[in-house]
Amino acid sequence: MPITPPLSKGFGYGIVLGLGFAFAFGMILTTYVLKRYNREVQTSEMFSTAGRTVKSGLVASAVVSSWTWAATLLQSSGVAYRYGVSGPFWYASGATVQILLFATLAIELKRKAPNAHTFLEIIRARYGVYGHLVFTVFGLMTNILVTAMLLTGGSAVVTSLTGVPTAAACFLLPVGVVMYTIAGGIKATFLTDYVHTCMILIIILIFAFTAYTTNKNLGSPAKVYDLLTQAAKAHPVSGNADGSYLTMRSQEGAIFFVINLVGNFGTVFMDNGYYNKAIAASPVHALPGYVMGGLSWFAIPWLAATTMGLSALALESNPVFPTFPNRMPNDDVTAGLVLPYAAVALLGKGGAAATLLLVFMAVTSASSSEYIAVSSIFTYDIYQTYFNPQASGKMLINMAHSFVIIYAVLLAAFSTGLYYIGISMGYLYLMMGVIISSAVLPATLTLMWNKQNLAAAALSPILGLACSLIAWLVTAKKEYGNLSVASTGSNNPMLAGNVVALLSPCVFVPVLTYAFGPQNYDYKSMAAIRLANDADVAEAAHVDLEDIPGAATPTPTDHEAEQKKLQRASLIAKSMTCFLTFALLILWPMPMYGSGYIFSKKFFTGWVSVGILWMFCSAICVGLYPLFEGRHSMANTFKGIVKDLTGKRGAATLHGREGSGSEDSTPPVESDVKVATIVKEKEG
């Protein structure tokens with residue numbers, strides 16, 4: 001074990017299990033409240049899509065939470081430790097643009113397949129069984145890699161800080177997540193994502209203010225700057241301008257940037273979890289939700305790594321650092337232990353506890369999204385499609401619950417196996433693009449280009465994967481003379497594999513499309529996807545199916561109005577996301593990279609200050625704005641609870657919430673509904 005754990009095993013088990021059960025209990029209670037006061041019955045549609053009524057603030061917080069993996073905090077701090085100030089920026093910008101670009105795809109999804117449950121349903125509607133099976137495999141590989149990365153990174157931190165065995169952490173971290181995911185479905189992930197995101201933002205701000213204002217060994221950006229200058233003299237960074245940690249000109253950092261950029265296209269565009277959130281969003285809220293979420297997320301790895309990665313560099317020559325007098329071993333950096341070591345150096349046991357809480361929030365919030373994503377694939381794309389096309393709503397719910405449990409157990413076992421053979425979170429993070437990115441372009445063109453045919457869609461990912469594996473392994477063998485975890489995990493082999501994976505379909509898709517003839521698809525079969533039949537579930541709950549949020553059938557007029565809004569949103573999305581992508585990848589970083597500018601003390605102070613201000617803006621977007629958007633629903637629910645407790649009336653209901661157009665109207669009372677029913681019967 002690298003260091004003596006600063007916290008006890010009991011504390012570790014308490015956080016992992018105690019908080020998990022607390023969230024599970026909270027979601028069970030929330031599910032009951034939503035059913036009683038908002039008519040939100042847990043149908044199969046509600047479990048997988050939240051009735052397609054989620055607003056932009058909650059979408060933004062869910063995007064931030066889902067994209068804040070353990071790797072977001074741990075890997076970004078590791079690259080800051082290795083490459084200096086460039087590492088956090090390359091990590092943040094290289095993983096933000098995918099969310100921004102995905103906003104365009106989310107709008108196209110809402111336009112062309114308004115009733116879809118998963119992205120793979122859309123693939124099947126356009127390409128049939130063969131295309132569907134290919135993308136199902138790539139989609140599941142994406143979910144497996146992401147979940148394994150979450151568990152390997154999270155368990156390594158739990159073990160380092162508390163001494164809880166890694167295998168135990170792999171199996172116990174998902175327990176609470178599985179419970180609240182089953183209790184509340186995707187709505188549970190939206191609500192718990194909000195809580196998790198708020199806690200993550202607060203803890204990162206605590207770390208930032210401690211490092212840059214109050215810590216006795218650091219205490220200001222100027223002091224950190226001086227210590228980083230000393231660190232560069234003691235161990236200069238190969239490939240950085242003048243060996244400095246305070247420059248954007250970093251050769252290895254730029255290589256990581258390309259790997260990061262390419263790999264994360266796969267984990268966004270091939271992860272059914274992001275399509276689930278787009279599907280669950282109310283049509284007019286998908287675009288602002290994803291744009292706010294992407295820009296809000298940028299501050300998290302940027303500030304977290306600029307604080308913790310640079311604090312580790314500044315403090316590792318100080319006796320307060322856990323590995324003093326030695327530098328951190330490379331294996332510990334790869335395992336993601338820079339942030340926890342820096343937290344212990346800054347705040348002692350309090351820092352260790354805060355890190356444990358931070359990582360627990362990151363792992364559980366992102367993994368819940370993965371469980372729902374995989375459950376949706378197995379329920380709708382495998383079970384209902386190939387085994388039981390006439391499955392009832394109740395049967396679909398039961399299957400979804402079962403698949404959540406089965407997947408959680410299998411991935412805990414898989415992650416434990418990875419730990420024992422020496423595969424860490426850092427290795428998985430760099431490798432994921434090699435495996436999955438060849439499917440990104442064909443998947444995107446399914447919604448964006450009507451000429452791509454079945455041959456191009458089904459064969460390009462397979463051919464791209466073969467090419468990327470060859471490029472990755474041949475480069476490793478040629479450079480290092482062997483194939484091992486160390487050689488295949490190095491930057492150049494990973495760079496070759498990732499770039500080939502993403503770009504090879506640029507050749508395969510047009511060649512195969514025009515060799516076998518363009519499809520000229522009209523998107524009608526996507527629009528023909530229908531909602532699941534949840535009449536049996538609604539009947540068992542004694543609720544009219546039309547009263548359940550999102551279950552009402554829209555009128556032709558409503559549908560036409562919605563399509564006009566989505567058409568306008570599509571144009572805005574394409575122009576906005578292109579500009580923001582250009583700004584984050586070219587306009588901001590490249591002049592500093594090209595000039596080899598080394599930060600002055602004032603510039604570094606401004607750099608840190610912008611990061612902190614950006615984090616406060618993120619807190620407003622994903623912390624306060626969702627409360628503002630949901631104020632009417634919360635007020636109605638609270639009034640219903642108070643009147644229930646005082647015995648003044650029965651449960652309130654929100655009828656036709658999606659189509660009513662107003663949240664200010666007072667919901668009818670259950671007793672009023674009964675009276676109206678009696679009057680109708682008498683009149684009849």
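In this text, all values refer to a predicted model and were calculated from it rather than measured experimentally.
Of the listed residues (Phe102, Phe119, Tyr274), just one forms a ring-ring contact (aromatic ring centres under 6.0 Å, His included) with Phe269, and that residue is Phe102.
Contact check for Thr142 versus Ile435: no side-chain heavy atoms found under the 4.5 Å cut-off. In this structure the side chain of Gln251 never reaches within 4.5 angstrom of the side chain of Asn240, judged on heavy atoms. The side-chain heavy atoms of Arg124 and Thr385, taken from C-beta on, include a pair separated by under 4.5 Å. No side-chain heavy atom of Ser460 sits less than 4.5 Å from a side-chain heavy atom of Leu441. Annotation: side chain of Pro493 is in contact with side chain of Tyr480 (closest heavy-atom distance under 4.5 Å). For the pair Thr513/Trp449, a side-chain contact is recorded, criterion being any heavy-atom separation below 4.5 Å from C-beta on. Using a 4.5 Å heavy-atom threshold, the side chains of Thr72 and Pro301 count as touching. Side chains of Asn450 and Tyr523 form a contact here, defined as non-hydrogen atoms less than 4.5 Å apart.
Within the model, atoms OH of Tyr245 and CG of Leu228 stand 8.5 Å from one another, a figure rounded to the nearest 0.5 Å. Residue Ser468 holds its OG atom at 11.5 Å from CG of Leu503, rounded to the nearest 0.5 Å. For the atom pair Lys112 NZ and Ile529 CD1, the distance stands at 13.0 Å (nearest 0.5 Å). Note that the CG atom of Asn492 and the OG atom of Ser487 stand 12.0 Å from one another [nearest 0.5 Å]. The CD1 atom of Ile204 lies 7.0 Å from the OG1 atom of Thr68; values are rounded to the nearest 0.5 Å. To the nearest 0.5 Å, the span separating CD1 on Ile259 from CG on Leu502 amounts to 13.0 Å.
Judged by distance alone, the side chain of Ser618 and the main-chain N or O of Ser296 form a donor-acceptor pair under 3.5 Å. Without hydrogens or angle criteria, Thr147 side chain to Ile144 main chain gives no donor-acceptor distance under 3.5 Å. Judged by distance alone, with hydrogens and angles left aside, the side-chain atoms of Ser595 form a donor-acceptor pair with the main-chain N or O of Pro591 at under 3.5 Å. Checked by atom type and distance alone, the side chain of Ser525 pairs as donor or acceptor with a backbone atom of Ala125 at under 3.5 Å. Within the 3.5 Å criterion, the main-chain N or O of Arg249 finds a donor-acceptor partner in the side chain of Thr247. The backbone N or O of Leu337 sits nowhere less than 3.5 Å from a side-chain atom of Asp332 that would complete a donor-acceptor pair. Using modelled atom types, one side-chain atom of Trp472 and one backbone atom of Thr488 make a donor-acceptor pair closer than 3.5 Å.
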_I'd like to know whether Leu418 forms a side-chain contact (heavy atoms from CB on, under 4.5 Å) with Ile421, so could you lay out the CA-CA distance, the side-chain angles of the two residues, the decisive distance to 0.1 Å, and finally the verdict._
CA-CA 5 Å; Leu418 291 176; Ile421 63 174; 4.3 Å; yes
_Between Ile462 and Leu465, is the side-chain contact (heavy atoms from CB on, under 4.5 Å) condition met? List the steps._
CA-CA 5 Å; Ile462 299 170; Leu465 174 59; 5.8 Å; no
*Start with the C-alpha gap between Tyr290 and Leu100, add the side-chain angles, then the distance that decides, and say whether side-chain contact (heavy atoms from CB on, under 4.5 Å) holds.*
CA-CA 7 Å; Tyr290 271 85; Leu100 298 175; over 6 Å; no
_From CA spacing to verdict: side chain to side chain donor-acceptor pair (under 3.5 Å), Asn264, Gln98_ = CA-CA 7 Å; Asn264 282 315; Gln98 294 85 351; 5.3 Å; no
*Checking ring pair (Phe, Tyr, Trp, His ring centres under 6.0 Å) for the pair Trp588/Trp302: CA distance, chi angles, key distance, verdict?*
CA-CA 14 Å; Trp588 185 352; Trp302 186 31; 5.5 Å; yes
*Check the pair Asn491 / Glu252 against side chain to side chain donor-acceptor pair (under 3.5 Å), numbers first and verdict last.*
CA-CA 8 Å; Asn491 272 355; Glu252 292 298 312; 2.8 Å; yes
*Start with the C-alpha gap between Phe89 and Tyr593, add the side-chain angles, then the distance that decides, and say whether ring pair (Phe, Tyr, Trp, His ring centres under 6.0 Å) holds.*
CA-CA 12 Å; Phe89 186 89; Tyr593 182 88; over 10 Å; no
*Step-by-step side-chain contact (heavy atoms from CB on, under 4.5 Å) determination, Ile99 to Phe298*: CA-CA 10 Å; Ile99 296 295; Phe298 180 90; over 6 Å; no
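For the residue pair Thr104 and Thr577, a side-chain donor N or O sits within less than 3.5 Å of a side-chain acceptor on the partner. Residues Gln519 and Tyr127 bring no donor and acceptor atom of their side chains to less than 3.5 Å of each other. A donor-acceptor contact closer than 3.5 angstrom links the side chains of Asn260 and Tyr429. For the residue pair Thr118/Asp381, the side-chain donor-acceptor check at 3.5 Å is satisfied. When only modelled atom types and interatomic distance are considered, Thr152 and Ser415 share no side-chain donor-acceptor pair under 3.5 Å. The closest side-chain donor-acceptor pair between Asn143 and Asp271 falls under 3.5 angstrom. Donor-acceptor pairing under 3.5 Å is lacking for the side chains of Asn482 and Lys477.
Residues satisfying the ring-ring contact (aromatic ring centres under 6.0 Å, His included) criterion with Tyr81, sequence neighbours excluded, are absent altogether. Residues passing the ring-ring contact (aromatic ring centres under 6.0 Å, His included) test with Trp297 are Trp67, sequence neighbours excluded. Among residues two or more places apart in sequence or in another chain, the salt bridge (charged side-chain N to carboxylate O under 4.0 Å, His left out) test is passed with Arg327 by Glu316.
Aromatic ring centres of Trp90 and Phe256 lie farther apart than the 6.0 Å criterion allows. Ring-centre distance between Tyr383 and Phe378: not below the 6.0 Å cut-off.
The two residues Ser438 and Pro442 make their nearest non-hydrogen contact at O-CD, 3.5 Å. Summarising the geometry of Ser244 relative to Ile598, their closest heavy-atom pair is OG-CG2, 3.8 Å, with the distance given to 0.1 Å. When all heavy atoms of Thr166 and Ser155 are compared, the pair lying nearest together is CG2-OG, 3.5 Å. Contact between Ser424 and Thr334 at its shortest, heavy atoms only, is OG-CG2, 3.2 Å. Scanning both residues, Leu261 and Phe265, for their nearest heavy atoms gives O-CD1, 3.1 Å. Pairing each heavy atom of Gly489 with each of Leu430, the nearest pair is O-CD1, 3.8 Å.
In the displayed structure, Asn330 atom CG is contacted under 6.0 Å by more than 12 heavy atoms of other residues, nucleotides or ligands. Shown here is Tyr386, whose OH atom has more than 12 heavy atoms of other residues, nucleotides or ligands within 6.0 Å. Taking a 6.0 Å sphere around OH of Tyr521, one finds it holds more than 12 heavy atoms contributed by other residues, nucleotides or ligands.
In this structure, Arg111 pairs ionically with Glu108, as a charged nitrogen and a carboxylate oxygen lie closer than 4.0 Å.
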